[in-house]
Amino acid sequence: MMSGGGAPEYDVVLAHDYLGQFGGAERVVEEMCGIFPDAPIYTSYYSPERTFDFFRTRDVRTTFLDKAPGIGGHHKAYLALYPLAFSRLRLPSCRVVLSSSTSFAKGVPIPQGAAHVCYCNSPMRFAWDFDSYVEHDSGVGGMARAAARIAMGPLRRWDLATNDAVDIFIANSHNIADRIKRIYGRDSVVVYPPVAVDDFEPSAVHDDYYLVVSRLAGYKRVDLAVKACTQTGRRLIVVGDGPVRASLEQMAGPTVEFLGRASDEEVRTRMARCRALLFCGEEDFGITPVEAMACGRPVVAYGAGGAVETVVDGVTGVHFGAHTVESLIAAIERLEATTIEGTDCVRRAHEFAPQVFRARLLEIVAAAAAGNPRESALETGQ
């Protein structure tokens with residue numbers, strides 16, 4: 001993409017918090033790799049079996065945390081060490097460091113002369129919204145929670161101190177842009193994450209079940225979907241795994257089925273045939289609702305966070321306003337009384353296609369590589 005005399009070793013170097021989850025942030029990094037195929041990825045640790053197979057073909061470079069005992073399954077236990085781990089990274093000379101950050105990658109040391117573009121999935125939620133982050137996480141006990149709360153002060157100070165090294169913030173939604181402004185005092189460009197909408201297509205066959213596709217963590221609020229469908233006798237299929245699965249299974253009635261992790265193909269089939277996707281957490285953006293809409297299926301979504309920007313109430317789904325079972329049931333009933341056109345869902349989903357993400361990101365990175373001042377680069381990206 002870029003060239004010049006006295007060229008640095010790389011045009012672009014990528015940085016990401018960690019490669020140990022099957023999440024939306026990892027899908028974003030996968031897309032970044034497609035845009036910048038020669039870019040190495042610097043990250044705290046890499047567990048190939050715990051993230052997408054795509055990264056097995058990439059040049060992944062890790063910190064000392066990669067050798068920490070059990071980090072793949074217990075990465076939160078090393079929370080206090082991530083700032084140190086990233087501070088010890090030495091990136092090669094490059095024109096642009098493109099970090100994908102929900103927590104620590106934003107703090108990676110930047111080589112002399114390089115610009116730093118940070119694609120911010122969110123300011124570190126566990127540090128700035130600690131109580132709401134762990135409220136529904138049964139895996140965090142009282143003593144561990146108290147110790148973690150004490151550690152949040154230094155993490156918040158570190159998070160603020162690393163802002164000056166970022167030349168351009170990209171927010172993954174207007175929701176996150178507002179958080180960046182409130183917490184960091186910085187403006188940002190909004191570029192929605194890429195969603196592989198062309199991998200999904202509507203089905204002529206629709207079954208009478210609701211669907212959840214999610215990592216089973218407490219803050220995802222899958223418990224609301226399980227309780228609502230158990231209480232009303234509606235059929236629910238839950239795809240995904242995570243630390244609260246056992247507790248969810250205990251509260252589930254006979255109409256709720258847990259499939260665990262499923263292949264991409266099975267997820268696409270389940271989405272295309274479901275009555276609607278239930279999306280109960282407050283997410284920074286939330287890729288899953290867009291995937292469901294790409295299948296022509298409506299979404300019942302909690303009316304906060306990124307879902308407000310993706311799901312059009314009354315057109316591609318419905319919102320519910322409170323994190324209660326009663327509010328979710330009322331929204332499901334409203335959906336069942338509303339005519340949702342599959343073509344409207346598909347049309348909306350394609351507004352978040354990868355080609356839109358690629359064009360915007362290339363434009364912003366090119367502006368940064370050209371040495372534009374921070375304000376000019378922001379204007380270019382808007």
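Basis for what follows: all heavy atoms, side chains included, without hydrogens, waters or symmetry-related copies. The chain is numbered in sequence order, starting from 1.
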Any salt bridge linking [X] with [Y]? Criterion: basic side-chain nitrogen under 4.0 Å from a carboxylate oxygen.
X	Y	result
Arg56	Asp53	yes
Asp129	Arg179	yes
Asp241	Arg261	no
Arg156	Asp159	no

Any residue meeting ring pair (Phe, Tyr, Trp, His ring centres under 6.0 Å) with [X], in chain and number order, not counting sequence neighbours:
X	answer
Tyr45	Tyr18
Trp158	Phe104
Phe357	Tyr119
Tyr302	Phe320, His323

What I'd like to find out is whether the side chain of [X] reaches to under 4.5 Å of the side chain of [Y], using heavy atoms alone.
X	Y	value
Arg61	Asp59	yes
Asp17	Ser44	no
Thr232	Ile329	yes

For the atom pair [atom1] ([X]) and [atom2] ([Y]), what is the distance rounded to the nearest 0.5 Å?
X	Y	atom1	atom2	answer
Cys295	His206	SG	NE2	9.0 Å
Asn175	Glu282	CG	CD	6.5 Å
Ile183	Arg125	CD1	CZ	8.5 Å
Leu278	Arg221	CG	CZ	13.5 Å
Lys227	Thr324	NZ	OG1	10.5 Å
Leu98	Leu361	CG	CG	5.5 Å

Only pairs at least two apart or in different chains count here, so list each ring-ring contact (aromatic ring centres under 6.0 Å, His included) that has a residue in residues 234-257.
none

Sequence neighbours excluded - ring-ring contact (aromatic ring centres under 6.0 Å, His included) pairs with any residue from residues 264-301
Tyr192-Phe285, Phe285-Phe352

Just checking Arg182: does its CZ atom have more than 12 heavy atoms from other residues, nucleotides or ligands closer to it than 6.0 angstrom?
yes

Within a 6.0 Å radius of atom CD on Glu265, are there more than 12 heavy atoms belonging to other residues, nucleotides or ligands?
no

Partner set under salt bridge (Lys or Arg N to Asp or Glu O under 4.0 Å) for [X], not counting sequence neighbours:
X	answer
Arg268	none
Arg50	none
Glu249	Arg245

Hits for side chain to side chain contact (heavy atoms under 4.5 Å, CB included) against Ala353, two or more places apart or cross-chain, chain-then-number order -> Val197, Gln355

Decide whether His16 and Ser100 meet the rule of one side-chain donor and one side-chain acceptor closer than 3.5 Å.
yes

Ring of Tyr184, cation from Lys106 - is the NZ or CZ under 6.0 Å from the centre and inside 45° of the axis?
yes

Do we get Arg27 above Phe52's six-membered ring, with its NZ or CZ under 6.0 Å from the centre and within 45° of the axis?
yes

Do Leu79 and Leu89 belong together in a cluster built from hydrophobic side chains that touch within less than 4.5 Å?
yes

Is there a continuous path of hydrophobic side-chain contacts, each under 4.5 Å between heavy atoms, that joins Val267 to Leu211?
yes

Can you pull out every salt bridge (Lys or Arg N to Asp or Glu O under 4.0 Å) where at least one residue sits in residues 210-220? Sequence neighbours excluded, please.
Lys220-Glu283

Pairs satisfying salt bridge (Lys or Arg N to Asp or Glu O under 4.0 Å), at least one member in residues 325-337, at least two apart
Arg234-Glu336, Arg275-Glu336, Asp313-Arg334

